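Predicted model only: the values in this text are computed from it and were never measured.
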Amino acid sequence: MMKSDNAKKGPERAPHRSLMKAGGYTDWEIERPWIGVVNAYNSIIPGHTHLNRITEAVKSGVYASGGLPLEFPVIGICDGIAMNHEGMKFSLPSRELIMDSIEVMARGHALDALVLVTNCDKIIPGMAMAAAMLNIPAIIISGGPMLAGIHGKRDIDLSTVFEAVGRRVVGTISEEELKEVENCACPTCGSCSGMFTANTMNCMMEALGFALPGNGTIPAVFAERERLAKDAGRKIMYLVENNIKPRDILTKKAFENAVAVDMALGGSTNTALHLPAIAHMAGVDLTLEKLDEISKKTPHLCSMSPGGPYHIQDLYFAGGVQAVMKRLSGNGLIHMDIPTVTGESVGTNLEKIRVKDDEIIRPLNNPYHETGGIAVLKGNIAIEGSVVKQTAVAPEMLVHKGPARVFNSEEDASRAILGKDIREGDVIVIRYEGPKGGPGMREMLSPTSSLAGMGMDKTVALITDGRFSGATKGAAIGHVSPEAAAGGDIALIEEGDIIEINIPAGKLNVLISEEELSRRRSVWEPYQNNMESPFLTRYREFVTSGARGAVFKD
């Protein structure tokens, strides 16, 4: 029996069928499996402006294979456009809203399966979380990455524009040069072209086996992307016919595969939020400690922007995510015996895969770094943990000690940076920007990019209970947990305290005694970050720590 039978079978469902017929559906179409096609199109996000085309390709694949495609939308926020103002407070909270809205539509209309057409930061994990929660046959298909821009003879991307702002502040480029970079950095539709959060998460869907091979890297403007969308529409019918559900695929081993690929790619620190959140909805416990454990044994094989010179199109031509998995399998870092949405195991999918460029996907014996892209740091100001994209940190900043420069909001820190009030050696502390404190745990690409553009990413560190964009580089340590608003000791740091960072050792501490911390704790009063938003007020009450993926309380 199909779920849709509850809405279409028997004489008592004549009114329901009548309403479907009002939509133009025939009896023989209504009898087909009802496949929800979740279209994240909007005309704001550049990664989503072409999703109607991808959705139509999906629907043709569904229809040709005997299903009835029923399209509905979800919201989405462009993190780049929301960056560095109050809009970013809504980005991470939108993830749960997307998940809930898909549940409402799928259960309200007795849908049999879902094809999730997505592309950018919070939309991808929100959709995956919904699929894991509902546990009806589902498949992800992304809109694909943007091509890199070209400025002079150099490939550039969105992070180049953010860094150019800092360069303009210190006068190393003119207003005209800044405009040139602005005009050519984002030349096509698609998710921004570096290994930022959107592309990292699209690669993660493929590595999990929850999307077809090619999902993470086929460029948005290639016809191959539309062909893949048609195949996704056909493949959902295979999953329905064989009753293969998300939790059959999203297993502990699948998440371990995804983390290994993430570490080899040098992906966004936001995976430390989103993979645990998806795992939580699938009934799998994925901790920061597990991410760190896998990172320590996984070599960093791909030097992708923002930490390196390559873009997603380069990874695509080198063989893509499947080639990275094939490379990692040679060291036993990939579980080969687990199912995927192709209907085949990981091992079968990889049988004919080869790496086409040994510089873009390095051999195991010649990695860019011996360990993976993300490190977890702990200490007296990050008891539950914090995360850093260690492969994007300058070698001289892997171990650093300096005075704290303390700010209670991103805006205050940005003013100090752009006002040239930060000195070499400083450790910028931005607090009350966590899930509760922000609320919404804003990404903070502007401060880190300004530092990089001003040439200070090799001398200044930044720590926060908020988070960073996947486009961030430098000694930027985020997700400090517990956060300041929850009484975490990051709230106790004072101007001039010495902060010690040791990324290889996994340590993050303020160098004051426990007695002094206790004294400060006894007189601490939380900073009040007022936000006139009923939605964010509700979010603040339910959200948990960044160390737990900022999921809601059970």
Side-chain angles (χ1 to χ4, degrees), residues 195 200-201 203-204 206-209 216 250-276 278-279 284-304 307-308 315 318-338 345-347 349-350 353 355 358-379 382 384-393 395 398-399 470 477 479 501-508 547 549:
M195 191 55 73
T200 302
M201 290 309 302
C203 289
M204 293 300 94
E206 186 176 339
L208 283 167
L250 299 176
T251 62
K252 180 181 178 182
K253 287 183 177 181
F255 282 100
E256 290 175 353
N257 280 358
V259 172
V261 172
D262 185 26
M263 299 308 163
L265 290 172
S268 167
T269 52
N270 281 312
T271 53
L273 283 175
H274 299 321
L275 285 179
I278 298 166
V284 174
D285 187 26
L286 182 63
T287 64
L288 286 183
E289 289 75 17
K290 174 56 73 172
L291 268 67
D292 199 42
E293 174 191 326
I294 294 173
S295 181
K296 286 176 179 175
K297 64 183 181 182
T298 305
H300 176 222
L301 303 179
C302 305
S303 187
M304 309 296 295
L315 182 60
V321 172
Q322 298 296 300
V324 175
M325 295 180 77
K326 183 66 172 278
R327 192 74 101 191
L328 292 173
S329 69
N331 217 22
L333 293 168
I334 295 294
H335 300 288
M336 306 286 275
D337 59 342
I338 56 175
S345 69
V346 170
N349 290 343
L350 296 181
I353 298 296
V355 176
D358 285 340
E359 181 60 20
I360 294 170
I361 305 174
R362 288 271 185 96
L364 292 168
N365 62 2
N366 184 34
Y368 287 98
H369 299 90
E370 294 294 334
T371 56
I374 293 175
V376 175
L377 312 184
K378 290 190 174 184
E384 294 177 2
S386 62
V387 296
V388 60
K389 191 171 186 174
Q390 62 181 342
T391 50
V393 178
L398 291 171
V399 177
I477 301 162
H479 305 200
I501 299 165
N502 190 324
I503 293 173
K507 300 296 183 183
L508 177 64

How long is the straight-line distance from [atom2] of [Y] back to [atom1] of [X], given to the nearest 0.5 Å?
X      : Y      : atom1 : atom2 : answer
Thr287 : Glu384 : OG1   : CD    : 12.0 Å
Ile338 : Thr251 : CD1   : OG1   : 4.5 Å
Leu364 : Asn331 : CG    : CG    : 5.0 Å
Ile334 : Glu256 : CD1   : CD    : 10.0 Å
Glu359 : Cys302 : CD    : SG    : 10.5 Å
Ile278 : Leu286 : CD1   : CG    : 10.0 Å

For the residue pair [X] and [Y], establish whether any side-chain heavy-atom pair is separated by less than 4.5 Å.
X      : Y      : result
Asp262 : Met195 : no
Gln322 : Asn349 : yes
Ser295 : Val376 : no
Leu328 : Val324 : yes

Indicate the atoms forming the closest heavy-atom contact of [X] with [Y], along with that distance.
X      : Y      : answer
Lys326 : Ile353 : NZ-O, 2.8 Å
Ala318 : Ile361 : O-CD1, 3.7 Å
Gln390 : Leu398 : O-CD2, 4.3 Å
Met204 : Ala258 : SD-O, 3.3 Å
His369 : Thr391 : ND1-CG2, 3.6 Å
Pro276 : Gly549 : CB-CA, 4.5 Å

Any salt bridge linking Lys290 with Glu293? Criterion: basic side-chain nitrogen under 4.0 Å from a carboxylate oxygen.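 Looking at Glu293 together with Lys290, the answer is yes, because their closest N to O distance falls below 4.0 Å.
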Looking at [Y], is its backbone amide N or carbonyl O close enough to the side chain of [X] to form a donor-acceptor pair, meaning the two atoms are under 3.5 Å apart?
X      : Y      : value
Arg362 : His300 : no
Asn257 : Ala207 : no
Lys252 : Val284 : no

Option among Leu315, Thr200, Leu301 that satisfies the side chain to side chain contact (heavy atoms under 4.5 Å, CB included) test with Leu265: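 With Leu265 as partner, Leu315, Thr200, Leu301 yield a single side chain to side chain contact (heavy atoms under 4.5 Å, CB included), made by Leu315.
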Pick out which of Val387, Ile477, Val388 makes a side chain to side chain contact (heavy atoms under 4.5 Å, CB included) with Thr269. Val387
Residues His479, Leu273; criterion side chain to side chain contact (heavy atoms under 4.5 Å, CB included); working and verdict: CA-CA 9 Å; His479 305 200; Leu273 283 175; 3.5 Å; yes
